[in-house]
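All residue numbers in this chain count up from 1 along the given sequence.
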Amino acid sequence: MTDVPMVLADRVSKSFGSNRVLRNISLVVPRGEVLCLVGPSGSGKSTFLRCINHLERVDAGRLAVDGTLVGYEERGDKLYELRPKVAAKQRSDIGMVFQKFNLFPHMTALENIIEAPTTVRGTSRAKAEARGRELLDRVGLANKADAYPAHLSGGQQQRVAIARALAMDPKLMLFDEPTSALDPELVGEVLDVMKGLAESGMTMIVVTHEMGFAREVADSVVFMDDGVVVEAGLPDEVLGNPQQDRTKAFLSKVL
C-alpha cells in the first residue's frame, strides 16, 4: 500500500509533569521523503522524534509508521500500550541516530554494526559481517572495520552509528541533531552520508540546525516552537520566505 504515508502524526501531545512539550502535533511524511525539523532548543523536536519510535509514550493523539500504530494497539476508541517486547520488535524497523554516537566502546566498528542483526534478528555472523563491511564501505569507512570507537574521530563514530542503524534494514531513519556534537570540519562528512541516503530513497526525519542541509536535501521543512508546528512547507518557502513572525525571528539568528 504505497499510498499509506510512512509517518502519520495526528494531534500528538506529550507532557513531562506540568511541562507540555508537544501540543497537538499533526504531520504527514510520505514514504521516500525527507522531513527536516528545525527550531530553537526546547521546542519539542527531539521529544517528537523519540515518540515516533516509542522511546517516549504519547499522552494523546496517534502516531503511525507505515500504517501501524507504534507502541500501542487500538481497541474500540482506546489505546493500549503494547508489551515491551512487541514494541521493541516494531522499533527494530526504525533506525535512530543520536546526537551522541552511543557506540559500544569495547567493540570494534564492525562489531558495533553486527550486534543488533545477530542478537535481535538472529542473522548469522558471516552474513551480518558481510553486510556490515558493505555498510562501512557505504559510509566511507571500509578500512576502519577493526578500529575501536576511541580511535575514531567524532565524524567517523557518527558514520559508524549510521551504518549500525542501517544494518537492521529500517523502513524509516530518524536523526536527532546528528552533527551537533561534531567539530565543524567533521560535519560535512556525516551530512554527505545522509545526502546519499536521501538520494537512495530512504524516508528520513532529521532534527537539525544545519539550514544548508535542510534547504538542499529536505522535501519539506517544519519549524517548531514551544511544542507546536508554527510553519511547514517546502524548504524554499519556510527558510526562504517565512510567513510567521516567530519563524522570521528564529531564522534571522541562524541564517
Residues R246, D226; criterion salt bridge (Lys or Arg N to Asp or Glu O under 4.0 Å); working and verdict: CA-CA 11 Å; R246 184 67 194 89; D226 198 24; over 6 Å; no
Evaluation steps, side-chain contact (heavy atoms from CB on, under 4.5 Å), between V206 and F213: CA-CA 10 Å; V206 184; F213 174 83; 4.1 Å; yes
Is it the case that the side chain of [X] and the backbone of [Y] share a donor-acceptor pair, with hydrogens and angles ignored and the cut-off at 3.5 Å?
X    : Y    : result
R121 : S92  : yes
K45  : G39  : yes
E199 : M194 : no
S26  : D10  : no
E177 : F175 : no
N112 : M107 : yes
R31  : V4   : yes
E231 : Q244 : yes
Q90  : G71  : yes
Q158 : P178 : yes

Residue pair Y72 / E74, side-chain heavy-atom distance below 4.5 Å: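 Counting from C-beta outward, Y72 and E74 never come under 4.5 Å.
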L63 side chain reached by V12 side chain, heavy atoms, under 4.5 Å: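 In contact.
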Criterion side-chain contact (heavy atoms from CB on, under 4.5 Å) on R50 and L174, from CA distance to verdict: CA-CA 9 Å; R50 292 170 65 83; L174 307 175; over 6 Å; no
R62 and L69: CA distance, side-chain angles, deciding distance, side-chain contact (heavy atoms from CB on, under 4.5 Å) verdict: CA-CA 7 Å; R62 304 274 191 278; L69 289 173; 3.9 Å; yes
Roughly how far apart are [X] [atom1] and [Y] [atom2], rounded to 0.5 Å?
X    : Y    : atom1 : atom2 : answer
F101 : L152 : CZ    : CG    : 10.0 Å
D59  : K14  : CG    : NZ    : 5.0 Å
M204 : M6   : CE    : CE    : 13.0 Å
E134 : L166 : CD    : CG    : 11.5 Å
K144 : L136 : NZ    : CG    : 11.0 Å
C36  : E216 : SG    : CD    : 10.5 Å

L55 and R91: CA distance, side-chain angles, deciding distance, side-chain contact (heavy atoms from CB on, under 4.5 Å) verdict: CA-CA 9 Å; L55 287 174; R91 196 179 294 127; 3.8 Å; yes
For atom [atom1] of [X], decide whether the heavy atoms of other residues, nucleotides or ligands shown that lie under 6.0 angstrom number more than 12.
X    : atom1 : value
H209 : NE2   : yes
K195 : NZ    : yes
K171 : NZ    : yes

Shared hydrophobic cluster for V7 and M224 (ILVMFWY, side-chain gaps under 4.5 Å):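 Linked within one cluster.
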Side-chain H-bond candidate by donor/acceptor type, E56 with T47, under 3.5 Å: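 No pair is found: no donor N or O on one side chain lies under 3.5 Å from an acceptor on the other.
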